[in-house]
Structure formats: structure tokens, C-alpha cells
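What you are looking at is a predicted structure, and each value in this text was computed from that prediction instead of being measured. Numbering starts at 1 and runs along the sequence shown. What you see below is based on every heavy atom in this structure, not just the backbone, and it leaves out hydrogens, waters and symmetry mates.
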Amino acid sequence: MPRVKRGKTHLKRRQRLLKTTRGFRAGQKNLLKLAKAASKKAGQKAYDHRRLKKRDMRATHQMKINAAARLNGTTYSKFMHHLKKKGIILDRKVLADLAQNYPEVFAALTK
């Protein structure tokens with residue numbers, strides 16, 4: 001029985017891996033062992049940071065709302081409390097957009 005050579009398969013796998021590590025520093029972009037570890041770590045960090053991004057955006061929205069609320073003579077926590085009490089259901093993303101792009105509408109909400 002003739003032996004099976006795996007050159008094409010190895011090369012294709014290597015090329016696919018190195019394609020994902022293009023632009024990395026030092027040996028991580030062209031040494032197979034380092035590239036494999038770097039690719040795995042990059043994938044894990046990308047996964048983690050997709051979740052962290054949501055937290056960061058919420059914090060940014062809160063800062064924008066707080067800044068606009070203070071311009072209108074109240075604080076973030078008091079503003080959110082009064083919105084809930086009045087039954088106004090707007091999420092922080094929409095409120096931050098109103099605060100940034102439509103300050104007159106936001107001012108009307110604070111009254």
C-alpha cells in the first residue's frame with residue numbers, strides 16, 4: 001500500500017492559521033506554534049470584549065444623561081427616579097441620544 005503524503009493539507013491548514021494572525025507582532029504572525037496560541041488568545045479576547053462593550057456603552061450613556069440632567073438642575077439618579085415614578089419608559093440609549101442631539105426635548109423631560 002502506498003504511503004499518503006499530507007503536504008497539501010498541512011500547508012492549507014498553516015496558511016489558514018497564518019491568515020488570522022496577519023498583522024500581529026514578532027513571531028506570532030509567522031511561527032506556527034506562536035501563531036496558534038496568539039490566534040486562540042485573540043479569539044478569546046474578542047469574545048470577552050464584545051460583552052464588555054455593552055457595559056462600556058451603558059456607562060457612556062449614563063454619563064451623557066447625567067451631564068444633561070445637571071445642566072437642567074438635577075442629577076442622574078433623581079432624574080431616573082422621577083422618570084420611573086411618572087411611568088416614562090425610555091431606555092438609557094434613547095435618553096443619551098435625546099440629551100446629546102435634542103437638548104430642548106431632554107429639558108422638557110426634566111420638567
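- Asn30 contributes atom CG, which lies 11.0 Å from atom CG of Leu17 (distance to the nearest 0.5 angstrom).
- Using a 4.5 Å cut-off between side-chain heavy atoms of Ile, Leu, Val, Met, Phe, Trp and Tyr, with links allowed through other members, Leu83 and Leu98 fall into the same hydrophobic cluster.
- The distance from atom NE2 of His81 to atom OG1 of Thr74, rounded to the nearest 0.5 Å, is 10.5 Å.
- Two residues are said to be in side-chain contact when any heavy atoms from C-beta on lie closer than 4.5 Å; Lys29 and Arg22 fail this criterion.
- Proximity of a side-chain donor or acceptor of Ser39 to a complementary backbone N or O of Lys36 within less than 3.5 Å is not detected.
- Going from atom NZ of Lys45 over to atom CZ of Arg50 covers 13.5 Å, rounded to the nearest 0.5 Å.
- With contacts defined as side-chain heavy-atom distances shorter than 4.5 Å, the pair Arg16/Lys19 does not qualify.
- Rounded to the nearest 0.5 Å, atoms CD (Gln15) and CG (Leu11) are 4.0 Å apart.
- Atom CZ of Arg25 is surrounded by 12 or fewer heavy atoms from other residues, nucleotides or ligands within 6.0 Å.
- Taking the ring pair (Phe, Tyr, Trp, His ring centres under 6.0 Å) definition, one finds that Phe106 meets it with Phe79, sequence neighbours left out.
- At least one side-chain heavy atom of Tyr76 sits under 4.5 Å from a side-chain heavy atom of Arg92.
- If you chain together hydrophobic residues whose side chains sit under 4.5 Å apart, Tyr102 and Met63 never meet in one group.
- When all heavy atoms of Ala35 and Thr21 are compared, the closest pair comes out as O-CG2, 3.4 Å.
- Smallest separation of non-hydrogen atoms from Ile65 and Ala96: CG1-N, 3.8 Å.
- The minimum heavy-atom distance linking Ala107 with Asn72 is given by the pair CB-OD1, 3.6 Å.
- Here the NZ atom belonging to Lys78 is positioned 9.0 Å from the CZ atom belonging to Arg70, to the nearest 0.5 angstrom.
- Counted within 6.0 Å of NZ on Lys54, heavy atoms from surrounding residues, nucleotides or ligands total more than 12; the atom is thus considered enclosed.
- Using modelled atom types, one finds no donor on one side chain facing an acceptor on the other under 3.5 Å when comparing Gln62 with Asn66.
- Legend: ring-ring contact (aromatic ring centres under 6.0 Å, His included) pairs involving residues 46-69, not counting sequence neighbours: none detected.
- Hydrophobic cluster membership for Ile89: none, as no Ile, Leu, Val, Met, Phe, Trp or Tyr side chain comes under 4.5 Å of it.
- Among Asp91, Leu90, Leu95, the one residue that satisfies the side chain to side chain contact (heavy atoms under 4.5 Å, CB included) test with Lys93 is Asp91.
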When you look at His10 and Leu32, which way does the side chain to side chain contact (heavy atoms under 4.5 Å, CB included) test go after all the steps?
CA-CA 11 Å; His10 173 74; Leu32 201 56; 4.1 Å; yes

